[in-house]
Amino acid sequence: MNKKLPSIHMIPSMIRDLNPKDFYPRQVSIGPLHRKNKNLEAFEGRKAIFLQDLLDQTGIPQEQTLEKCVENVKAPIGRIKACYSDGIKWYSDNEITILVVIDACFILEFLYKRCKGLFDQNMVIKTISLVFDLLLIENQIPFFVLKDISDCTASRFEQKQPSLHLLIMHGFDKTLRSVLNIKIQNQQGYAMDRLIDTHEEVAILVKSKVLLNSIGSNEEAAKLINDLRKDISCRLFLYKDVWNEMNTYHNRFWPRNNAWLRRRYFINPWSIINLFAGIFLFLFTMVQTYVTINPV
């Protein structure tokens, strides 16, 4: 029987080093990979409150529900551990069971409150930041565990309690749209990286008002743009058709030579004056030569 590969990994350093803060949770640790982060320890107490709220709504004694959750997690503990590529060896099976049960209950109650609109603006918890933490690749627990805990804690009082999938869709809807917007911005960054290699190209785009440079020199802007996609590939370029149209137009005779003339002779007023002076001098010389050869 083939052994399944881990599904929850640490991000490779070649990607993480580009912007480390984007890969670390800021409020809450989910799963074992960031559990030892001192900056996230303060939130562990709040998880207990969410756990308590979730158990209160089941209609079953809390101890009984919690024992059932622990049993459901402990049984497939080997499968749970196999989902992680690293960061799991520092924990015993009992420690993993407890942290996974607490995290699963926290996620479910958080999604339930978010779906029902039970968070208000005065709450200490920053829900948007929490959602982003829950979407981080390293900050995960296996989905089958979340499903099992959801079945264990399903309320007996609510006939129309939303399903797990519906909770997830409602809980992450706005943030998933933000992630989609980030993907679009990444495509735009890829396009800018293909347009710009040097500070001269930044200067041209700034002058034509295509680009607004508010970070400093053109050299700094060029370096920033060129570093946007360093070591990251783009399998599907959304602007491919537009890019091909631009290249086709650029490679035509008149647009290419017109651009060359404008860069060479029309870059500033003095260049234009010199060009017309040269043309006038050339025509005057031609006329003078003709009159000399063919006197009236």
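We number each residue from 1, following the sequence as shown.
- Looking at Val28, Val101, Leu51 one by one, the single match for side chain to side chain contact (heavy atoms under 4.5 Å, CB included) with Phe106 turns out to be Val28.
- Between Arg35 and Trp90, the closest side-chain pair of non-hydrogen atoms is not below 4.5 Å.
- Residue Cys69 comes nearest to Thr153 through the heavy atom pair SG-CG2, 3.9 Å, listed as atom of the first residue, atom of the second, then distance.
- Between the side chains of His34 and Glu138, at least one donor N or O lies within less than 3.5 Å of an accepting N or O.
- The CG atom of Leu99 lies 8.5 Å from the CD atom of Glu44; values are rounded to the nearest 0.5 Å.
- Side chain of Asp133 to backbone of Arg26: a donor-acceptor contact under 3.5 angstrom is found.
- Side-chain contact between Asp148 and Val73: absent, with no pair of heavy atoms (C-beta onward) separated by less than 4.5 Å.
- Of all the heavy atoms in Cys105 and Ile149, the pair that sits closest is SG-CG2, 3.8 Å.
- Remark: Ile137 CD1 is loosely packed, at most 12 non-hydrogen atoms of other residues, nucleotides or ligands lying under 6.0 Å away.
- For Glu201 (side chain) and Thr198 (main-chain N/O), a donor-acceptor pair under 3.5 Å exists by modelled atom type.
- The heavy-atom pair separating Tyr91 from Pro32 by the smallest distance is OH-O, 3.4 Å.
- Using a cut-off of 4.0 Å between Lys/Arg side-chain N and Asp/Glu carboxylate O, Asp151 and Lys68 are scored as not salt-bridged.
- Centroid-to-centroid, the aromatic rings of Phe50 and Tyr112 stay 6.0 Å apart or farther.
- For the pair Lys113 and Asp53, the minimum side-chain heavy-atom distance is below 4.5 Å.
- For the pair Glu219 and Lys223, the salt-bridge criterion is not met [side-chain N within less than 4.0 Å of a carboxylate O].
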**OP:** Start with the C-alpha distance between Ile8 and Ile141, add both sets of side-chain angles, then the distance that settles side chain to side chain contact (heavy atoms under 4.5 Å, CB included), and finish with yes or no.
**Re:** CA-CA 8 Å; Ile8 303 173; Ile141 58 175; 5.7 Å; no
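- One N or O on the side chain of Lys47 and one on the backbone of Ser29 form a donor-acceptor pair closer than 3.5 Å.
- In the hydrophobic clustering of ILVMFWY residues, with side-chain heavy atoms under 4.5 Å counting as a link, Val145 and Leu66 come out together.
- Not one N or O on the side chain of Asn139 forms a donor-acceptor pair closer than 3.5 Å with the backbone of Leu134.
- Cluster annotation: Ile49 and Leu130 are assigned to distinct hydrophobic clusters (Ile/Leu/Val/Met/Phe/Trp/Tyr, side-chain heavy-atom contacts under 4.5 Å, transitive).
- Between the Gln140 side chain and the Leu136 main chain, a donor and an acceptor come within less than 3.5 Å of each other.
- Residues Leu211 and Ile196 are in side-chain contact: their nearest non-hydrogen atoms beyond the backbone lie under 4.5 Å apart.
- Side chain of Asn94 to main chain of Lys74: no donor-acceptor pair is present (N/O by atom type, distance under 3.5 Å, no hydrogens or angles).
- Within the model, atoms CD of Glu63 and OG1 of Thr65 stand 8.5 Å from one another, a figure rounded to the nearest 0.5 Å.
- Note that OH of Tyr24 is 11.0 Å distant from CG of Leu33, once rounded to the nearest 0.5 Å.
- Atom-to-atom distance recorded for Lys207:NZ and Leu205:CG is 12.5 Å, nearest 0.5 angstrom.
- Taking CE from Met286 and CG from Leu283, the interatomic distance works out to 8.0 Å, rounded to the nearest 0.5 Å.
- Counting heavy atoms from C-beta on, the side chains of Cys83 and Phe144 come closer than 4.5 Å.
- Glu220 places a side-chain N or O within 3.5 Å of a backbone atom of Ser217 that can act as its donor or acceptor partner.
- Clustering ILVMFWY residues whenever any of their side-chain heavy atoms sit less than 4.5 angstrom apart, transitively, puts Ile279 in the very cluster that holds Phe282.
- For Asp103 (side chain) and Ile30 (main-chain N/O), no donor-acceptor pair under 3.5 Å exists by modelled atom type.
- Side-chain heavy atoms closer than 4.5 Å link hydrophobic residues (I, L, V, M, F, W, Y) into clusters, and following such links, even through other members, never connects Leu40 to Phe110.
- No side-chain donor-acceptor contact under 3.5 Å links Ser150 to the backbone of Leu146.
- Between Cys152 and Asn72, the closest heavy-atom pair is SG-ND2, 2.8 Å.
- If you take CD on Gln64 and CG on Leu55, they are separated by 11.5 Å, rounding to the nearest 0.5 Å.
- Met10 and Leu135 fall within the same hydrophobic cluster, defined by Ile, Leu, Val, Met, Phe, Trp and Tyr side-chain heavy atoms under 4.5 Å apart, directly or through other members.
- Here the closest non-hydrogen pair linking Ala221 and Val202 is CB-CG1, 4.0 Å.
- Defined by atom type and a distance below 3.5 Å, a donor-acceptor pair is present between the side-chain atoms of Gln62 and Gln52.
- Considering all non-hydrogen atoms of both residues, Gly31 and Tyr84 come closest at CA-OH, 4.0 Å.
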